[in-house]
Amino acid sequence: MEHLLLMDIGNTNTKIGIVQDGSMLGSYSLPTRSESTADAWGLQILQILGLHRLYPEDLSGWVICSVVPPVGALVRTAGERFCGCPVLFVPEDMPLALENHYARPYEVGADRLVAAFGARRLFASTSLIVVDFGTATTFDCVQDNAYLGGLICPGIYSSAAALASKTAKLPTISFDGVEAEPKIGQNTTESLRQGMVFGFASLVEGLCGRLKPLLKSPVEVVVTGGPAKALIGITSGIDHYCPDLLMQGLLMNYIDHAHMLRKGVQV
């Protein structure tokens with residue numbers, strides 16, 4: 001059996017997946033802390049492996065995308081020290097089979113490229129708009145086998161946190177149990193909740209509606225990221241909800257490269 005560790009290092013959280021023979025055994029989310037150490041990351045990974053009765057030597061590799069370079073460096077050191085297996089970053093160590101049409105290709109976040117690649121591999125529509133709800137909300141456009149670029153907007157959680165931190169009377173809110181239709185809020189908590197939830201639903205509807213005419217038809221909308229779960233039932237125009245899109249993208253890219261290496265193709 002082959003075991004892999006997948007890792008998506010984001011600005012706020014780091015998502016970790018343990019894979020056995022192409023199937024996800026479990027996924028976890030840890031806070032991304034630049035002030036942490038390689039040893040701290042390594043010990044946390046050992047704990048996660050222990051939950052699945054796995055040992056460091058059971059892993060074939062760590063497959064990672066990161067938008068936080070200092071943490072990426074810590075994780076690379078942790079993988080090499082604690083597991084002694086290949087630590088492969090996407091796209092630096094494992095390029096993606098996706099044309100990058102960004103004006104400065106190196107400026108695109110690895111997470112955006114991996115999500116676009118994963119969506120392209122999963123869905124056959126000529127064009128795709130990939131909406132990722134993370135620290136920022138990103139809209140990435142894929143046409144045929146090319147990543148064209150996209151839009152970056154504030155994130156729903158970061159927007160709510162910014163309001164709560166900058167105002168004395170606005171509370172922190174929950175996005176659980178969202179109603180199907182908006183209503184007029186009659187207290188501060190409800191007003192903020194309604195504004196955030198239905199405001200971001202309208203953001204997705206509006207921006208996707210404006211982006212679709214710029215792409216070849218047919219166009220499908222793929223959403224991912226934690227907050228997406230609260231919005232899919234109230235947002236029109238969403239064709240696919242993939243909560244683990246980045247994990248799937250990392251895994252499919254690893255499988256592609258492993259297959260090519262077995263055939264003796266340089267990657």
Side-chain angles (χ1 to χ4, degrees), residues 10-12 67 101-103 107-109 111-120 122-144 146-164 166-167 170 172-186 188-246 249:
N11 288 295
T12 303
V67 296
H101 288 191
Y102 224 50
E107 289 184 352
V108 187
D111 55 346
R112 297 173 67 188
L113 289 174
V114 171
F117 169 77
R120 177 71 290 165
L122 290 171
F123 306 109
S125 184
T126 301
S127 301
L128 300 166
I129 301 172
V130 183
V131 185
D132 187 355
F133 290 93
T135 304
T137 304
T138 56
F139 295 74
D140 290 302
C141 298
V142 180
Q143 186 169 279
D144 298 321
Y147 171 83
L148 302 183
L151 310 175
I152 302 175
C153 304
I156 187 168
Y157 286 145
S158 54
S159 295
L163 281 174
K166 297 295 183 181
T167 53
L170 289 183
T172 301
I173 59 172
S174 167
F175 297 105
D176 295 330
V178 174
E179 303 86 350
E181 297 293 338
K183 64 180 182 181
I184 299 172
Q186 295 187 312
T188 303
T189 298
E190 192 59 42
S191 297
L192 181 57
R193 175 183 162 92
Q194 292 288 309
M196 294 299 294
V197 169
F198 288 97
F200 272 84
S202 297
L203 174 74
V204 173
E205 293 170 349
L207 287 182
C208 288
R210 289 174 178 263
L211 287 170
K212 282 184 177 182
L214 306 179
L215 299 167
K216 292 181 185 176
S217 296
V219 183
E220 290 188 324
V221 176
V222 183
V223 299
T224 189
K229 185 177 180 180
L231 298 178
I232 54 173
I234 63 168
T235 308
S236 63
I238 293 176
D239 298 292
H240 306 284
Y241 169 50
C242 299
D244 60 346
L245 183 60
L246 269 79

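Excluded from the calculations below are hydrogen atoms, water molecules and symmetry mates; all remaining heavy atoms, backbone and side chain alike, are included. On a predicted model such as this, the values are computed, not experimentally measured, just so you know.
Here the closest heavy-atom approach between residue Pro213 and residue Arg210 is recorded as CD-O, 3.4 Å. Of all heavy-atom pairs between Cys242 and Thr224, the closest is O-OG1, 2.6 Å. Among all heavy-atom pairs drawn from Phe200 and Pro154, the shortest one is CE2-O, 3.3 Å. Across all their heavy atoms, Gly109 and Val67 have their closest contact at CA-CG1, 4.2 Å. Summarising the geometry of Ala115 relative to Leu245, their closest heavy-atom pair is O-CD2, 3.6 Å, with the distance given to 0.1 Å. Smallest separation of non-hydrogen atoms from Phe198 and Ala180: CE2-O, 4.1 Å.
Once rounded to the nearest 0.5 Å, the distance linking CD1 of Ile152 with CG of Asp132 reads 11.0 Å. For the atom pair CZ (Phe117) and CG (Leu122), the distance works out to 9.0 Å, reported to the nearest 0.5 Å. Note that SG of Cys141 is 4.5 Å distant from CG of Leu211, once rounded to the nearest 0.5 Å. Lys183 NZ to Ser191 OG: the interatomic distance, rounded to the nearest 0.5 Å, is 10.0 Å. Separation of atoms CG (Leu231) and CD1 (Ile238) is listed at 7.0 Å; rounding is to 0.5 Å. Once rounded to the nearest 0.5 Å, the distance linking CD of Glu205 with OG1 of Thr235 reads 5.5 Å.
Remark: Gln186 CD is loosely packed, at most 12 non-hydrogen atoms of other residues, nucleotides or ligands lying under 6.0 Å away.
Partners of Thr126 under the side chain to side chain donor-acceptor pair (under 3.5 Å) rule, at least two apart in sequence or in another chain, do not exist in this structure. Contacts of Lys216 classified as side chain to side chain donor-acceptor pair (under 3.5 Å), with partners at least two apart in sequence or in another chain: Asp144. In this view, Arg112 and Asp140, Tyr147 satisfy the side chain to side chain donor-acceptor pair (under 3.5 Å) rule, not counting sequence neighbours. Residues meeting the side chain to side chain contact (heavy atoms under 4.5 Å, CB included) test with Val219, sequence neighbours left out: Ser127, Ile129, Lys212, Leu215. Among residues two or more places apart in sequence or in another chain, the side chain to side chain donor-acceptor pair (under 3.5 Å) test is passed with Gln143 by none.
Taking 4.5 Å as the limit, every side-chain heavy atom of Phe123 sits out of range of all side-chain heavy atoms of Val130.
The salt bridge (charged side-chain N to carboxylate O under 4.0 Å, His left out) pairs that include a residue from residues 219-245 number zero, where partners must be two or more places apart or lie in different chains.
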For this session: Applying side-chain contact (heavy atoms from CB on, under 4.5 Å), run through Leu207 and Cys153 and close with a yes or a no.
Result: CA-CA 10 Å; Leu207 287 182; Cys153 304; 3.7 Å; yes

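Under the 3.5 Å distance criterion, the side-chain polar atoms of Thr137 are left unmatched by any main-chain donor or acceptor of Phe133.
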